[in-house]
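Report on the structure given below.
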Number of protein chains: 2
Amino acid sequence: MKTSKKRSHVTLQDVAAHAGVSRATASLVLRGSPNISEATRQKVLAAMQQLGYVYDRIAANLRSNASSTVGLIIMELANPFYSELLVGIHQELDKFGYTVILGTTFDSHAIQERLLSTMLEHRVGGIILSAVPGSSSEGVNQIIKLGIPVVLVGRKIANVSCDYVGIDNVRGGQIAAEHLIRKGHRRIAFLGGFSQLSSWQERKRGYDQAHYAAGLPIDNNLVVETPATRQGGIAAIQKVLTAPEPPTAAFCYNDMIAIGAMMQMKEMGFVPGRDMAIVGFDDIPEATIFSPKLTTVSSFPRLMGIHAARLLHAQIEGAADEPQTIILQPELIVRESCSYAKNQTRA
Amino acid sequence: MKTSKKRSHVTLQDVAAHAGVSRATASLVLRGSPNISEATRQKVLAAMQQLGYVYDRIAANLRSNASSTVGLIIMELANPFYSELLVGIHQELDKFGYTVILGTTFDSHAIQERLLSTMLEHRVGGIILSAVPGSSSEGVNQIIKLGIPVVLVGRKIANVSCDYVGIDNVRGGQIAAEHLIRKGHRRIAFLGGFSQLSSWQERKRGYDQAHYAAGLPIDNNLVVETPATRQGGIAAIQKVLTAPEPPTAAFCYNDMIAIGAMMQMKEMGFVPGRDMAIVGFDDIPEATIFSPKLTTVSSFPRLMGIHAARLLHAQIEGAADEPQTIILQPELIVRESCSYAKNQTRA
DNA sequence: CTGAAAGCGCTTACAG
DNA sequence: CTGAAAGCGCTTACAG
């Protein structure tokens with residue numbers, strides 16, 4: 001806001017003058033128009049070189065009512081899920097020539113609102129948004145009405161009709177729970193995350209379905225909500241481990257929680273994987289470096305990013321008709337953190 | 001580049017008309033000028049509300065020759081060192097009201113060049129750059145000459161005079177090697193990274209100094225250059241482990257390498273920390289979740305980011321006189337990956 | 001193949 | 001306290 005800066009400015013005007021042509025002609029060669037003689041083209045190019053001209057894309061965009069930027073709003077960067085998502089989005093957007101403007105909400109509505117308007121003010125050509133849980137449809141719908149393409153990623157918003165890319169969370173929760181059940185577990189905790197999140201609800205539903213299918217009861221004392229961080233995992237496992245009748249396995253809302261939980265188990269003298277089976281969600285790189293290696297449900301964050309970028313591009317190009325939805329199929333990655341249940345409850 | 005988009009446009013003109021004032025007056029209330037009567041202020045504000053006006057900061061910046069964006073160029077996001085750096089920078093820049101434009105080079109000169117000009121074309125108010133190793137001074141000096149503030153972070157460029165924030169790499173390498181020497185190790189590998197990097201050279205110098213001080217010889221067969229990634233760590237440890245006379249300890253250029261090395265040791269049936277002492281550099285979150293927990297030299301990436309953002313801000317505000325240099329002092333974080341040497345060479 | 005003119009949405013002296 | 005006018009750096013029909 002309080003920014004300001006003196007700019008030494010070689011303008012297209014200067015280039016044109018130096019080359020002995022009009023501003024319009026200079027602009028034409030800049031943009032590679034075919035109906036410019038090779039001779040003047042060279043003259044202008046030489047002038048740009050000599051003067052050290054730098055194109056003012058901002059001014060050009062203003063005049064031609066275009067945009068070369070895209071806004072990207074995610075929760076935070078500390079969770080590798082989002083770094084990976086960002087990598088995918090960024091890499092793909094790059095190919096299309098967009099420049100990305102980044103914002104992180106830390107799941108605060110106020111920040112998300114601010115970020116959204118900042119991006120509009122900066123004339124972004126479109127927005128990729130991983131929305132704060134419980135976001136109202138209002139804000140986003142307003143943006144869409146303005147004609148700015150939006151694609152939601154990972155987190156849906158009720159009553160908003162726009163592109164969405166996500167993972168089949170129900171299925172993900174289901175295959176995780178099924179895996180645990182197959183290993184003989186009958187008391188399976190559901191650890192971390194918050195029930196306001198659509199992804200939480202869906203993973204929980206999958207978990208429930210697997211229980212129903214196996215004829216297992218669901219004990220709500222075994223679901224504990226915490227932030228989806230390592231800290232949250234520590235808190236969650238602690239609660240469940242000190243309960244009167246602890247579970248023999250835990251399905252964690254995401255890998256961060258799973259890792260926090262396993263760290264805390266070690267801290268308390270338990271052996272994760274043996275004393276309690278753990279499965280995570282996302283398959284972040286950390287999943288593979290922990291001992292035991294984390295069995296988890298991959299949500300392909302990088303791929304999600306790539307899809308999101310492509311959808312946005314299609315919309316910006318006007319190639320989109322109806323709002324699209326892309327749901328990736330999750331995959332169970334079996335590693336080392338799930339042993340068989342020894343008996344009904346932990347020894 | 002190929003971007004374009006129709007914008008439904010409520011302009012300040014529209015707002016002014018709707019409120020029955022001139023465009024200039026509307027602009028004044030927008031910017032909170034004191035010499036506007038409360039009555040017209042309210043009228044204009046109401047009009048903005050009703051019309052759903054969105055401020056075009058880009059146009060405003062163009063007219064007033066200002067900028068509200070900052071360019072940030074780093075190597076990649078997969079390395080948590082950079083995520084952490086980004087978090088620090090982003091968080092601090094946010095406070096000043098800047099919007100950040102992100103670019104990743106993957107250590108390619110060509111990409112860095114492209115990113116740099118893209119950012120200039122987008123009229124960034126300043127640039128924070130973690131330069132590709134072996135960057136020429138030309139590019140950056142040109143930008144500085146244009147009057148665009150630059151702050152270099154983590155990686156210096158020879159013959160460029162501008163703000164720099166980094167870590168005392170010499171000292172870092174020294175305390176790492178000293179720690180290992182104190183533990184009785186006499187053959188200490190230096191693993192990963194590339195010798196073109198100023199930070200590599202400096203850490204190596206510290207490592208050398210510690211050896212000199214202890215009267216230990218330096219065996220150049222023990223320094224192996226690889227990419228500073230987990231993969232690089234795997235390759236490096238493999239090379240050194242299969243050598244005729246393997247070292248008993250390794251100082252790794254960064255934590256990614258250290259973790260890769262330890263993973264590979266496990267893979268090969270060795271126990272990291274016991275069969276070979278390992279110390280890393282950076283103290284990324286992963287350092288703490290690996291078993292054994294990694295002993296490492298903290299480089300405070302988040303803090304570096306905060307300092308970089310502040311320096312840039314000072315420059316943009318014109319509050320800067322001479323180029324500043326901030327060198328953070330590294331700190332040895334002792335955890336579990338360094339046992340005492342058993343005897344001269346590994347059993 | 002090239003130039004003169006209008007205009008993108010805003011701000012900024014300058015008058016009144 | 002408010003308006004008319006010029007201009008930021010560019011592009012885009014429209015003539016010639």
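- Between the CD atom of A:Q13 and the P atom of D:dG9 there is a distance of 10 Å, rounded to whole Å.
- One finds the CG atom of B:L72 at 10.0 Å from the OG1 atom of B:T104 (value rounded to the nearest 0.5 Å).
- Within the 3.5 Å criterion, the main-chain N or O of A:N159 finds a donor-acceptor partner in the side chain of A:N141.
- Distances shorter than 4.0 Å separate none of the side-chain N or O atoms of B:T25 from OP1 or OP2 on D:dT2.
- Between the P atom of C:dG9 and the CZ atom of B:R31 lies a distance of 19 Å, rounded to the nearest Å.
- One can place CZ of A:R23 at 9 Å from P of D:dC10, the figure rounded to the nearest angstrom.
- There is a side-chain donor-acceptor pair under 3.5 Å between B:Q42 and B:E38.
- When the side-chain nitrogen and oxygen atoms of A:T40 are compared with OP1 and OP2 of C:dC1, none of them lie within a distance under 4.0 Å.
- Residue-to-nucleotide proximity on DNA chain C shows that, of A:S37 and A:R63, the 5′-proximal contact is made by A:S37.
- In this entry the distance linking CG of B:D56 with C1' of C:dC8 reads 9 Å, nearest Å.
- Base contact: B:A24 has a heavy atom under 4.0 Å from a base atom.
- Nucleotide D:dG3: paired with C:dC14 (Watson-Crick or G-U wobble, both distances less than 3.5 Å).
- Put simply, B:S27 has no side-chain N or O that comes within less than 4.0 Å of OP1 or OP2 on C:dT12.
- Distance CZ (B:R123) to P (D:dC8): 11 Å, rounded to an integer number of Å.
- Looking at heavy-atom distances under 4.0 Å, A:I36 makes contact with sugar-phosphate atoms alone, never a base.
- Projected onto DNA chain D by closest heavy-atom contact, A:L30 and B:R41 fall at different nucleotides, the more 5' of which corresponds to B:R41.
- Residue B:Y55 contributes atom OH, which lies 15 Å from atom C1' of C:dC8 at whole-angstrom precision.
- The aromatic rings of B:H313 and B:F96 sit parallel, their planes meeting at an angle under 30°, below the 60° perpendicular limit.
- Note: CG (A:L120) to P (C:dC10) measures 13 Å, nearest angstrom.
- Here the side chain of B:A59 is nearest to one of D:dT11, C:dG3, C:dG9, namely C:dG9.
- No side-chain donor-acceptor contact under 3.5 Å links B:H18 to the backbone of B:Q50.
- Two residues, A:I58 and B:L28, neighbour DNA chain D, and the one matched to the more 5' nucleotide by heavy-atom proximity is B:L28.
- When the P atom of C:dG7 is taken as reference, atom CG of B:L62 falls 17 Å away, rounded to whole Å.
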